[in-house]
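Contents: one structure, followed by commentary.
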Amino acid sequence: IAISSMQQGVFQALFPVYSQDFIGLPASDIGVMMTFGGITSLLISFPNGWLVDQFGRKASMVPGLIVLGLASYLLGLSTGYWGVVLMVLVYGVGEGMASGSSQTYAIDLAPEEGRGGAEAVQAALS
C-alpha cells in the first residue's frame, strides 16, 4: 500500500502540482524529471533483482520504503530546480528497490498453481 501511495499519490499526483505551483518549474521540466525518475528506477531494478535473489525480498523492500519516505521528505524541502532533481533521483532509487521486491513478494505468497492469475492481477494493479 505504501509503495502504491508513493507512486500514484506522491509522484504522479502531488509532485507535478507542487513543482509547478510552489517551485515554479515549467511543465516540460516536470515531464523530463518524471521520465528521469523512471529511468533511474529501471537502472536500479536490475541490480536490485540480484539483491532480492541473494538476500530475500524484505532485504530490499524495507530499505526501499525508507528511501521512498526520504524522497517525500525531500519534496517538501525542495525550493528550486536542483532540490527537485535530487528528490527525483532518490525517488527513482527507492522505487527501483521497493516496487519489484513487493511484486515478487506478492507472487511468492500465491499458491503455485495460481501464480499465473496472481501475476495478471499484479500487472493490472501496476
Side-chain angles (χ1 to χ4, degrees):
I1 292 172
I3 296 167
S4 294
S5 296
M6 276 300 298
Q7 290 172 335
Q8 296 171 359
V10 174
F11 196 66
Q12 293 177 0
L14 294 178
F15 170 71
V17 173
Y18 183 84
S19 297
Q20 189 170 32
D21 291 349
F22 293 101
I23 299 175
L25 296 177
S28 59
D29 285 352
I30 295 168
V32 167
M33 286 186 197
M34 291 183 82
T35 302
F36 189 55
I39 291 169
T40 304
S41 176
L42 178 67
L43 293 175
I44 292 297
S45 67
F46 290 113
N48 184 66
W50 176 83
L51 178 74
V52 166
D53 288 341
Q54 294 297 314
F55 300 106
R57 299 351 176 191
K58 292 179 186 177
S60 173
M61 194 179 341
V62 172
L65 287 169
I66 292 169
V67 172
L68 285 172
L70 177 62
S72 293
Y73 180 71
L74 289 174
L75 178 61
L77 292 179
S78 298
T79 58
Y81 182 84
W82 292 109
V84 174
V85 169
L86 175 64
M87 177 269 172
V88 168
L89 277 173
V90 172
Y91 171 81
V93 169
E95 184 185 30
M97 291 174 68
S99 184
S101 303
S102 68
Q103 292 170 357
T104 306
Y105 187 68
I107 298 300
D108 287 346
L109 296 175
E112 191 169 325
E113 63 276 356
R115 288 194 177 157
E119 289 177 19
V121 170
Q122 279 290 324
L125 293 175
S126 295

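Residue indices begin at 1 and follow the sequence shown.
Checked options Val88, Ile30, Leu14; the residue passing with Ser19 is Ile30 (criterion: side chain to side chain contact (heavy atoms under 4.5 Å, CB included)).
In this structure, Met33 and Val85 approach most closely via the heavy-atom pair CE-CG2, 3.8 Å. Considering every non-hydrogen atom in both Leu51 and Ser60, the closest pair reads CD2-CB, 3.8 Å. In plain terms, the two heavy atoms of Gly96 and Asn48 that are nearest each other are O-ND2, 3.4 Å.
Summarising the geometry, atom OG belonging to Ser72 is positioned 9.0 Å from atom OH belonging to Tyr91; distances are rounded to the nearest 0.5 Å. Taking OG from Ser99 and CG from Leu68, the interatomic distance works out to 9.0 Å, rounded to the nearest 0.5 Å. Rounded to the nearest 0.5 Å, atoms CE (Met34) and CG (Asp29) are 13.5 Å apart. Here the CD-CD1 distance, from Glu95 to Ile44, works out to 11.5 Å after rounding to the nearest 0.5 Å. For the atom pair Ser41 OG and Phe46 CZ, the distance stands at 10.0 Å (nearest 0.5 Å). Here the CZ atom belonging to Phe15 is positioned 6.0 Å from the CE atom belonging to Met87, to the nearest 0.5 angstrom.
Under the 4.5 Å side-chain heavy-atom criterion for grouping Ile, Leu, Val, Met, Phe, Trp and Tyr, Trp82 is connected to Val90 within one hydrophobic cluster. Under the 4.5 Å side-chain heavy-atom criterion for ILVMFWY residues, a single connected hydrophobic cluster contains both Val84 and Phe22. Linking Ile, Leu, Val, Met, Phe, Trp and Tyr residues whenever their side-chain heavy atoms come within less than 4.5 Å leaves Ile66 and Met61 in two separate clusters. Val93 is not connected to Val62 by any chain of hydrophobic side-chain contacts under 4.5 Å among Ile, Leu, Val, Met, Phe, Trp and Tyr, and they are in different clusters.
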Yes or no on side chain to side chain contact (heavy atoms under 4.5 Å, CB included) for Arg57 and Val52, after CA distance, side-chain angles and deciding distance?
CA-CA 5 Å; Arg57 299 351 176 191; Val52 166; 3.2 Å; yes
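In terms of modelled atom types and a separation under 3.5 Å, the side chain of Thr40 and the main chain of Leu89 share no donor-acceptor contact. Side chain of Tyr18 to main chain of Ser78: a donor-acceptor pair is present (N/O by atom type, distance under 3.5 Å, no hydrogens or angles).
No side-chain heavy atom of Thr79 sits under 4.5 Å from any side-chain heavy atom of Ile23.
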